[in-house]
Amino acid sequence: MSISKNIENLTASLPKKVTLVAVSKTKPIEAIMEAYNTGLRIFGENKIQEMVSKWETMPKDIQWHMIGHVQTNKVKYMASFVSLIHAIDSIKLLKEVNKQAKKHDRVIDCLLQVKIAKEESKFGLDEEVVVEILNTPEYASLKNISIVGLMGMATFTDNKKQIINEFNYLQTIYNRLKLKHPHFRTLSMGMSADYPLAIKQGSTMVRVGSAIFGSREY
Ligand SMILES: *Cc1c(COP(=O)(O)O)cnc(C)c1O
């Protein structure tokens with residue numbers, strides 16, 4: 001199937017209030033332009049260098065989301081343009097984003113990545129650490145970042161019950177935090193294989209790659 005047909009089917013199935021991030025990592029400019037020409041403006045990448053080179057060549061009304069693990073020393077390359085960083089996992093990284101955002105006189109929106117999967121390989125913070133970061137006076141002093149919600153990745157499994165439980169757990173944390181942080185507006189969860197389950201558990205933003213662009217070759 002074609003990219004535009006995939007997008008048509010996908011967007012028809014998404015509730016209006018759910019934001020679609022088209023995950024374009026490893027995909028060439030031509031494929032991303034096909035998605036752009038259907039009207040999509042939000043693209044997600046997981047490597048900073050790749051995102052920077054695509055940003056340089058592509059239309060400037062694209063909002064670029066960094067969805068992958070971020071190394072502190074690479075924040076500077078994306079600070080002038082990145083629209084949302086999904087996977088913040090330390091106060092140290094948050095401080096660096098703040099420092100680089102300040103140089104460009106911007107406020108960069110960020111999500112804290114919560115570890116919800118049982119797999120050892122997945123990055124993310126435990127709930128206690130999320131609360132700790134949000135309560136630290138140091139966070140309050142960072143004027144050039146704004147934490148607008150949470151992100152999570154479920155275990156890679158066929159066990160639907162487990163995936164639902166993990167998304168439900170993240171939704172619970174999100175709703176609890178939202179009481180103290182009413183400006184929270186983004187719960188980023190759900191990928192090609194599990195986004196319908198994520199939406200049922202309150203996801204407001206899905207990150208979909210292969211269901212749009214086809215499978216990836218590395
Ligand atoms: C690659 C990636 C996705 C998209 O995965 P698909 O299964 O291709 O939809 C979503 N989120 C993150 C963090 C990713 O790295």
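Whatever order the structure lists them in is the order used to number ligands and atoms, beginning at 1.
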Quiz question: by atom type and distance under 3.5 Å, do the side chains of Asn144 and Lys99 form a donor-acceptor pair?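 Side chains of Asn144 and Lys99: no pair found under 3.5 Å.
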Any side-chain donor near an acceptor of the partner, Glu8 and Thr38, under 3.5 Å: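 No pair is found: no donor N or O on one side chain lies under 3.5 Å from an acceptor on the other.
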For atom 9 (O) of ligand 1, closest protein heavy-atom neighbour: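 Protein heavy atom with the smallest distance to atom 9 (O) of ligand 1: Ser192 OG, 2.5 Å.
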Residue and atom name of the nearest protein heavy atom (relative to atom 13 (C) of ligand 1), distance in Å to one decimal: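 Of the protein heavy atoms, Ile67 O, 3.5 Å lies nearest.
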Regarding atom 15 (O) of ligand 1: of the candidates Arg207, Lys25, Met66, which has the closest heavy atom?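 Among Arg207, Lys25, Met66, the closest heavy atom to atom 15 (O) of ligand 1 comes from Lys25.
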Backbone or side chain, does any N or O of Met191 fall under 3.5 Å from an N or O of ligand 1?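 No.
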Which residue in the set Leu94, Ile88, Leu93 passes side chain to side chain contact (heavy atoms under 4.5 Å, CB included) when paired with Ser90?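 Single side chain to side chain contact (heavy atoms under 4.5 Å, CB included) partner of Ser90 among Leu94, Ile88, Leu93: Leu93.
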In this structure, which one of Asp194, Thr204, Val18 forms a side chain to side chain contact (heavy atoms under 4.5 Å, CB included) with Ile199?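 The passing option is Val18.
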Atoms of ligand 1 less than 4.0 Å from [X] heavy atoms?
{"X": "Val208", "result": "9 (O)"}
{"X": "Gly209", "result": "4 (C), 6 (P), 8 (O), 9 (O)"}
{"X": "Ser210", "result": "6 (P), 7 (O), 8 (O), 9 (O)"}

Taking the non-hydrogen atoms of Arg216, is any one of them nearer than 4.0 angstrom to ligand 1?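 Yes, Arg216 has heavy atoms under 4.0 Å from ligand 1.
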Working note: Glu127 + Val114, criterion side-chain contact (heavy atoms from CB on, under 4.5 Å); need CA distance, chi angles, decisive distance, verdict. CA-CA 7 Å; Glu127 181 182 4; Val114 182; 5.6 Å; no
Which residue is it: His65, His86, Gln113? I am looking for the one with a side chain to side chain donor-acceptor pair (under 3.5 Å) to Ser188.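 One option only clears the test, and that one is His86.
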